[in-house]
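Worth knowing before you read on, the calculation uses all heavy atoms, side chains too, and leaves out hydrogens, waters and symmetry mates. To find a chain, count down the sequence lines: A is the first, B the second, and so on, and within it residues start at 1.
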Protein chains: 2
Amino acid sequence: MSTSRGARQLTIKEVASHAGVSPMTVSRTLAGGRNVRPDLQERVMAAVQELGYYRNENARSLRPGQPSGLVGVAITNLANPYYGNFALGVEEVAAEHGRRIMLGNSGEDDARERQLVSDFIGRQVDGLILVPTSGEAEHLRPERLGDVPLVLASRRVPGLEVDTVLLDDVGGAYRGTVSLLDAGHTRIGFLGNRSSVFTGERRYRGYEQAMAERGLVVDPLIVARAQQDVAAASRAARAMLDLEDAPTAIFSANNRNTIGALREIGRRIREGLPGPAVVSFDDFELSELMPVPVTIIDHDARLLGREAATLLFSRLDGSAEGAPRTVELPVTIEHP
Amino acid sequence: MSTSRGARQLTIKEVASHAGVSPMTVSRTLAGGRNVRPDLQERVMAAVQELGYYRNENARSLRPGQPSGLVGVAITNLANPYYGNFALGVEEVAAEHGRRIMLGNSGEDDARERQLVSDFIGRQVDGLILVPTSGEAEHLRPERLGDVPLVLASRRVPGLEVDTVLLDDVGGAYRGTVSLLDAGHTRIGFLGNRSSVFTGERRYRGYEQAMAERGLVVDPLIVARAQQDVAAASRAARAMLDLEDAPTAIFSANNRNTIGALREIGRRIREGLPGPAVVSFDDFELSELMPVPVTIIDHDARLLGREAATLLFSRLDGSAEGAPRTVELPVTIEHP
DNA sequence: TTCGAGGTTGGTAACGTTACCAATCTCAAG
DNA sequence: CTTGAGATTGGTAACGTTACCAACCTCGAA
């Protein structure tokens, strides 16, 4: 019975003396029981049960060569359901490999990301999975990480050659835009992230490419690339749709912009104004119930997480060596 | 330059000899620099920078009395955006207290939860925050946890008296149901979780109470309480609405059931069938654009996470002692 | 000048664990 | 009965860190 204060930690020694064996026998039993007599193993396990002993994993990983079994995961915005699913995918694969994840939210803040990474390293993580903010790469150089393998997800960091899992941003945006063009639209607005955000840039490129192929010039008046949240996206959509020469369709480069745009479009429709067609990079629930047709460029964030973790563990297991690899996951297009 | 294999860990000793001081001086400097000459501190910090040294937090926490700075968080379903926000709230407060979180997903599986908890304990977490599965409480008893403080969120565990953060499930469900009754509905269907899930039970109770107050008997034909995912919720809604005597309104006890119900309702409306009014416990985006009026019983999952973490840290700081506390967070009702 | 208080520095031991080695035991073959 | 191979067991040291103590230094007061 452990009481309020102090309550010294239960150690392998107590278990050993309780079972009448040496600490080494307890350690060996807990490690799988190779070369330990079955009756002693039983006594040890009984003592463990009775005392409620948990092995101290920190002390264990202190010995050289012992992995900590921890993976550090830093994402940019846990409030976004996409990143929740991403984290879930990572957690699943980690659990399958007997590892645990330490999760941090960088909130797109560079300094916070640096702090998270150094903290993860200090806690002896076996590997790192990062959705990088768009800042510097200095703190992510392999030599700064002390040989802890790093996998980037969703975004690349300029000048940093490491394992990376990406979406087919350019292709998805291209195909989504083409579907609008095929439907007869020629004046297509764009809502997206700052161009310094990797995905924002790539998705814009796909949009631009499709427009250019049809000989259409992109009008800067109907391109808004600075919205990081729903409210800003709503305002940008409003400005665009209030124009004399308003777009008849909108390409939205991510979930947050789509929700904002649709909020504004819903408002207009309730006022009897026309609503433009929408293509959204990123799915959202009940898109089929929207008052305007919404085409979805969909992908599986959970799978993205699983792939990132798989890439990491292939490095940890030594089953993959050599040059950094990039996996680009396909996206699907769902017409309304 | 650290090369591929081996690459022994950089220790405080290397830093010390590089700075020409003893390891103790390095330790003291890193601990805040009390009673260390400024010029030596500078030499130490320069060496830390130059070598890229990170203190080994595991070794650090091995010393008795040193906290690990880790909080174990186990939630039931990270794919649900609510729990993503919950985790975010916990992470935020933990970061404010200089702590890191270890995150596990139990997937409503009892065995997995037990495994997570014992793993967290083995990794010397300073505290635990749990959205419990509905199973046993044995592995959560204080004496089994070795004095590691535990906070439950969202749900209670029968027979376990610990700090808990809950929502006002009963009151919210009651008020939501009353709003339907006030609008003239008397035949109100119920969609929810298994009754063994704490919130499922409480929300049903609120619904039942409101009905009883108006002298209405709940018809078991329009009560479905076994759906854990969107597809099952859709089927349940369909069965209910296909009845001769179909409900004119539906009370949905959670996000997943709401989405499922609305998917079915949207289908019916496209076919020209009538759609019932909906009250949803849990918000979702773009609810204002639905083809039927949706009343939202809303709450802040992120705040729930923040409250849980705050409760935990008040135990860790010793600013709270004594009997377990329960915090019940209010919910708001948003009419369409 | 001596003394002592207080600031600064370093050596030692300990935290809980396991790799390594040495010691002991078992048992079959000679 | 001896030998030795192999299985089993335990003692010791080390992982990286910091609390504790002892030693030293500085400087003002007596």
Given atom [atom1] of [X] and atom [atom2] of [N], what is their separation to the nearest angstrom?
{"X": "A:Leu62", "N": "C:dC15", "atom1": "CG", "atom2": "P", "value": "14 Å"}
{"X": "A:Met24", "N": "C:dA23", "atom1": "CE", "atom2": "P", "value": "17 Å"}
{"X": "B:Asn58", "N": "C:dT18", "atom1": "CG", "atom2": "P", "value": "14 Å"}
{"X": "B:Arg43", "N": "C:dT8", "atom1": "CZ", "atom2": "C1'", "value": "13 Å"}
{"X": "A:Arg34", "N": "D:dG6", "atom1": "CZ", "atom2": "P", "value": "14 Å"}
{"X": "B:Leu30", "N": "D:dT18", "atom1": "CG", "atom2": "P", "value": "7 Å"}
{"X": "B:Asn35", "N": "C:dA5", "atom1": "CG", "atom2": "C1'", "value": "14 Å"}
{"X": "A:Ile12", "N": "C:dC15", "atom1": "CD1", "atom2": "P", "value": "14 Å"}

Item to check | B:Arg315/B:Glu321 salt bridge by N-O under 4.0 Å criterion | outcome: no

[Y] versus [X], side-chain donor and acceptor atoms under 3.5 Å:
{"X": "A:Thr133", "Y": "A:Glu108", "answer": "no"}
{"X": "A:Thr11", "Y": "A:Glu14", "answer": "yes"}
{"X": "A:Ser314", "Y": "A:Arg325", "answer": "yes"}

May I ask you to evaluate whether [X] reaches the phosphate of [N], defined as a side-chain N or O under 4.0 Å from OP1 or OP2?
{"X": "B:Arg37", "N": "C:dT8", "result": "no"}
{"X": "B:Tyr53", "N": "D:dT17", "result": "yes"}
{"X": "B:Gln66", "N": "D:dA19", "result": "yes"}
{"X": "B:Ser22", "N": "C:dG11", "result": "no"}
{"X": "B:Arg55", "N": "D:dT18", "result": "yes"}
{"X": "B:Ser61", "N": "C:dC15", "result": "no"}

Item to check | Side-chain donor or acceptor of A:Arg99 paired with backbone N/O of A:Asp126 under 3.5 Å | outcome: no

Checklist outcome for this item: Judged by nearest nucleotide, the residue sitting upstream toward the 5' end of DNA chain C, B:Pro38 or B:Pro23, is B:Pro38

Checklist outcome for this item: Of A:Arg63 and B:Asp39, the one whose nearest nucleotide on DNA chain C sits closer to the 5' end is B:Asp39

Checklist entry - Of the nucleotides C:dT18, C:dC15, D:dT17, which one has an atom closest to the side chain of A:Ser27? => result C:dT18

Next on the checklist: For a quick check of understanding: with a heavy-atom distance under 4.0 Å over all strands, which category does A:Arg28 fall into, base, sugar-phosphate or nothing?
Outcome noted: base

